[in-house]
Amino acid sequence: MNHIVSRSMIALLVCALSTGVAVAHSHSHHKQKSSSHHFDYYLMSLSWSPSYCATHPHDAIQCGHPGFGFVLHGLWPENRNGSWPQHCDTHAAPDETTIKRTLAFMPSRRLIEHEWQTHGSCTGLDPSAYFAQADRAFASVRIPAVLHAPRKPPDLSANELIRAFLQTNPGLGKNMISVACRDGNELTEVRVCLNKDTLSPQACTGRIRNTCRIGSLRIRAVQ
C-alpha cells in the first residue's frame, strides 16, 4: 500500500513540475513578445529648444550655443490602442560615432543615451540604425519659416501653429500633429505621427492630443 502511494505521489510531483515548466516557458515567451519591436507607428517629438533652455541653462551642448529652434526630442514607438513599449531588454548602446552624428539634430549626449534605452531599444533596430531612422524622420518634416529661428517671439495660437505646419508639409493632416505646452501656453513640443516603415505622416491615435490653452502661445525667441 505504501509502495503504491509513493508511486502515486511521485507521479503527481512529476506532473506538477512539468506543468510548472510549461507555465514558466509560456510566461517567458509572453514577456519576450511584449518587449520586442511589435508596435504600430512612430510618434516624433520636436522640442522647442528656447523653452527647454529656459529651465536647463546649464545644458552646455544644447544651450551653451545660440541658434537652436526645433530639435529632435525623440522618435517613440506607439500602438494604436494608446499603449507604448519602453525600456526593452538590450545590451547595445550607441557608439561614439553614432552619438557625434546624432548631436547635429539631438544636441544632448544624455538625451541620446536616454532615448536609446527608453525608446530605441523597443524598435528592433540597432543604435546606429535607430538614430539614422530618427535623422530621416526629423528631416522629413519641414519647419514653417516663421519658426526657423525667430529673433522675436512669434504671435501664434496652437491652431495657427498647426496650420503653419500643414501649409508647409503637404500630406500632413490635423489628426497627425499635436502641440504640447508648459504652464498652459508656453510652447514646448510639436509632435507628429509617422508611419514606422515609410516615415510618412499618418493619423495619431490613443493618447495624442493638444495640451495648450486657447489663445496666443508663449513662444520664446531663439537666442
Ignoring hydrogens, what is the shortest heavy-atom contact between [X] and [Y]? Give both atom names and the distance.
| X | Y | value |
| --- | --- | --- |
| P77 | W84 | O-CB, 3.4 Å |
| Q117 | A92 | NE2-O, 3.9 Å |
| L187 | F70 | CD2-CZ, 4.2 Å |
| V179 | N210 | N-OD1, 2.8 Å |
| E113 | I99 | OE2-CD1, 4.2 Å |
| C63 | P57 | CB-O, 4.2 Å |

L161 and M44: same hydrophobic cluster, using ILVMFWY side-chain contacts below 4.5 Å? yes

Any link between I112 and Y52 through a network of hydrophobic side chains (Ile, Leu, Val, Met, Phe, Trp, Tyr) touching at under 4.5 Å? no

Rounded to the nearest 0.5 Å, how far apart are [atom1] of [X] and [atom2] of [Y]?
| X | Y | atom1 | atom2 | value |
| --- | --- | --- | --- | --- |
| L103 | R101 | CG | CZ | 11.0 Å |
| R110 | D59 | CZ | CG | 8.0 Å |
| D89 | S121 | CG | OG | 8.5 Å |
| C212 | D183 | SG | CG | 11.0 Å |
| L111 | W116 | CG | CH2 | 14.5 Å |
| N185 | R218 | CG | CZ | 8.0 Å |

Pairwise side-chain contact, [X] with [Y], heavy-atom cut-off 4.5 Å (strictly under):
| X | Y | answer |
| --- | --- | --- |
| Q133 | T123 | no |
| C122 | F39 | no |
| Q202 | L194 | no |
| H119 | Q86 | yes |
| V192 | F138 | no |
| L217 | P153 | no |

Going by the rule side-chain contact (heavy atoms from CB on, under 4.5 Å), which residues pair with N169 if we only count those two or more places apart in sequence or in a different chain? V141, R142, F165, L172

Passes side chain to side chain contact (heavy atoms under 4.5 Å, CB included), E78 versus C193? Steps please. CA-CA 9 Å; E78 295 280 330; C193 297; over 6 Å; no

What do the steps show when you test L147 against I219 for side chain to side chain contact (heavy atoms under 4.5 Å, CB included), and what is the final call? CA-CA 9 Å; L147 292 165; I219 304 176; 4.2 Å; yes

Let's go through R209 and S178 carefully: what are the C-alpha distance in whole Å and the side-chain angles of both, what is the deciding distance for side chain to side chain contact (heavy atoms under 4.5 Å, CB included) to 0.1 Å, and is it a yes or a no? CA-CA 6 Å; R209 64 186 187 276; S178 64; 5.8 Å; no

Donor-acceptor pair between [X] and [Y] side chains, under 3.5 angstrom:
| X | Y | answer |
| --- | --- | --- |
| N159 | S157 | no |
| S200 | N195 | no |
| T98 | Y130 | no |

Please determine if R220 and E186 form a salt bridge, counting it only when a charged side-chain N lies under 4.0 Å from a carboxylate O. yes

Please lay out, stage by stage, how T211 and T188 fare under the test side chain to side chain contact (heavy atoms under 4.5 Å, CB included). CA-CA 10 Å; T211 63; T188 56; 6.0 Å; no

If the plane angle is over 60° it's perpendicular, under 30° parallel, otherwise tilted; pick one for H73 and W76. perpendicular

By the definition side-chain hydrogen bond (donor to acceptor under 3.5 Å, both in side chains), identify the one residue from S108, S49, S47 that meets it with Q62. S49

Donor-acceptor pair, N81 side chain versus S83 backbone, under 3.5 Å? yes

